[in-house]
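Reviewing the structure listed below.
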Amino acid sequence: MAMKLILLDADDTLWHNMRHFEVAEAAFADMIGTFADVGIARSTLAKVEERNLKHYGYGAKSFTLSMIEAAVELGGSALPIESIARILETGRELLRHPVELLEGVGETIEELAEMGDLVLLTKGDLLHQETKLAASGLGSYFAAVEIVSDKTVDTFNRLFARRGVDPAGAIMAGDSLRSDIVPALEAGAWAAFVPQPLAWSHEHAPEPSDAPRYRRLSHLRDLPALIADINQRQG
């Protein structure tokens, strides 16, 4: 069965994202340095982020709220109000950072758009993701854009049903094993893992060891060749 639906993640699959969060996290650790060393500041922030996902979801706004909560947790009543103001400014910087495409993404998207229906499937804050997509210059290549609170098996099943596509004729490519790869495979689709060096620990998951429809790619540039190979072998 030829590939009819090509699903792509956005952050750290199409454009840089985590490196901006790394800068923000380093700034947070510096701000809170009076109350905790770097290791404790970062680990506390990570725990607060995990705890808040069910309340705030993903994205820069959620991260900013978690920075404030972690700062209060570490500094208590001694935390100066100026620190909260600085954290809020750090969050605003996250929301307005320039969109920088990963190497070769522009040409790859052009090629993929000619191979099947291209759909952006990403999670995070709706307004921020829409803004980044518009700034990327890639929007016209996508047949549809799906911005979701999380990616689960049900997310994929609903998408396949809505678009009338057999999962075996769909492939998901992204940098998160937990969000992009595992649920896509469980829904019966193909999945291509494109790892990035700054992956968030929350997105880690065991790499599939016995999944015929799973592939690990060194770069998104390899995806068109993979799809061509699948199409040839499946007729």
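Heavy-atom basis, side chains included; hydrogens, waters and symmetry copies ignored. Just so you know, residue 1 is the first one in the sequence shown, and it goes up from there.
Within the 4.5 Å cutoff, side-chain heavy atoms of L101 are placed close to those of S136. Taking 4.5 Å as the limit, some side-chain heavy atom of F28 sits within range of a side-chain heavy atom of I87. A heavy-atom distance below 4.5 Å is found between the side chains of L223 and I171. Under the 4.5 Å side-chain criterion, counting only non-hydrogen atoms from C-beta, D154 is not in contact with P183. In this structure the side chain of L126 never reaches within 4.5 angstrom of the side chain of Q129, judged on heavy atoms.
In this view, Y214 and E207 satisfy the side-chain hydrogen bond (donor to acceptor under 3.5 Å, both in side chains) rule, not counting sequence neighbours. Not counting sequence neighbours, the partners of D180 by the side-chain hydrogen bond (donor to acceptor under 3.5 Å, both in side chains) test are K151. With sequence neighbours left out, D222 forms a side-chain hydrogen bond (donor to acceptor under 3.5 Å, both in side chains) with S218. Residues meeting the side chain to side chain contact (heavy atoms under 4.5 Å, CB included) test with D125, sequence neighbours left out: K61, L127, H128. By the side-chain hydrogen bond (donor to acceptor under 3.5 Å, both in side chains) test, T155 pairs with T152, sequence neighbours left out.
Through direct or relayed side-chain contacts under 4.5 Å between Ile, Leu, Val, Met, Phe, Trp and Tyr, L159 connects to L5, L7, V119, L121, V148, F156, F160, V165, M172. Using a 4.5 Å cut-off between side-chain heavy atoms of Ile, Leu, Val, Met, Phe, Trp and Tyr, V38 forms no hydrophobic cluster with any other residue.
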Item to check | Step-by-step side-chain contact (heavy atoms from CB on, under 4.5 Å) determination, L53 to D150 | outcome: CA-CA 10 Å; L53 283 175; D150 202 358; over 6 Å; no

Item to check | Full working for side-chain contact (heavy atoms from CB on, under 4.5 Å) between D12 and V194 | outcome: CA-CA 9 Å; D12 292 310; V194 190; over 6 Å; no

Checklist entry - F35 and L79: side-chain contact (heavy atoms from CB on, under 4.5 Å), yes or no, with the steps? => result CA-CA 9 Å; F35 305 101; L79 183 72; 3.9 Å; yes

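Not a single donor-acceptor pair under 3.5 Å links the side chain of R221 to the backbone N or O of T108. Not one N or O on the side chain of D175 forms a donor-acceptor pair closer than 3.5 Å with the backbone of Q196. H219 contributes a side-chain N or O that, together with a main-chain N or O of E103, makes up a donor-acceptor pair within less than 3.5 Å.
Contact detail for A189 and A170: the closest heavy-atom pair is CB-O, 3.6 Å. Smallest separation of non-hydrogen atoms from G174 and I181: O-CD1, 4.3 Å. Closest approach of T13 to A173, counting heavy atoms only: CG2-O, 4.1 Å. Listed here is the closest heavy atom pair of P212 and W190: O-CZ3, 3.8 Å. Scanning both residues, M31 and S83, for their nearest heavy atoms gives SD-O, 4.2 Å. Shown here for T122 and D9, the closest heavy-atom pair between the two residues is OG1-OD1, 3.7 Å.
If you take CG on L226 and CE on M3, they are separated by 8.0 Å, rounding to the nearest 0.5 Å. Atom-to-atom distance recorded for Y58:OH and E49:CD is 10.5 Å, nearest 0.5 angstrom. Note that CG of L185 is 12.0 Å distant from CZ of F193, once rounded to the nearest 0.5 Å. With values rounded to the nearest 0.5 angstrom, I109 atom CD1 is found 5.0 Å from L8 atom CG. For the atom pair CG (L118) and CD1 (I6), the distance works out to 6.0 Å, reported to the nearest 0.5 Å.
Taking a cutoff of 4.0 Å between a charged side-chain nitrogen and a carboxylate oxygen, K123 and D11 do not qualify as a salt bridge.
Among pairs with a residue in residues 91-100, those fulfilling side chain to side chain donor-acceptor pair (under 3.5 Å) read R19-E100, H20-H97, H20-E100, E89-R92, E89-R96, at least two apart in sequence or across chains. Identified under the ring-ring contact (aromatic ring centres under 6.0 Å, His included) test for residues 164-189, with sequence neighbours left out: none. Each salt bridge (Lys or Arg N to Asp or Glu O under 4.0 Å) pair with one or both residues in residues 108-122, not counting sequence neighbours, appears once here: D117-R163. Legend: side chain to side chain donor-acceptor pair (under 3.5 Å) pairs involving residues 23-45, not counting sequence neighbours, sorted by first then second residue: E25-R42.
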Could you give the side-chain donor-acceptor pairs of residues 62-76 under 3.5 Å, partners two or more places apart or in another chain?
residue: S62; atom: OG; partner: G57; partner atom: O; Å: 2.8
residue: T64; atom: OG1; partner: A60; partner atom: O; Å: 2.8
residue: S66; atom: OG; partner: N52; partner atom: ND2; Å: 3.2
residue: S66; atom: OG; partner: S62; partner atom: O; Å: 3.2
residue: E69; atom: OE1; partner: N52; partner atom: ND2; Å: 3.1
residue: E69; atom: OE2; partner: R51; partner atom: NH2; Å: 2.6
residue: E73; atom: OE1; partner: R51; partner atom: NH2; Å: 3.0

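The same ILVMFWY cluster, assembled from side-chain heavy atoms under 4.5 Å apart, contains both F21 and L88. There is no path of hydrophobic side-chain contacts, each under 4.5 Å, that joins V153 to V182. In the hydrophobic clustering of this structure, L220 groups with I230; members are Ile, Leu, Val, Met, Phe, Trp, Tyr whose side-chain heavy atoms approach within less than 4.5 Å, directly or through other members.
Paired with L120 under the rule side-chain contact (heavy atoms from CB on, under 4.5 Å), one option of L138, I147, L14 passes, and it is L14.
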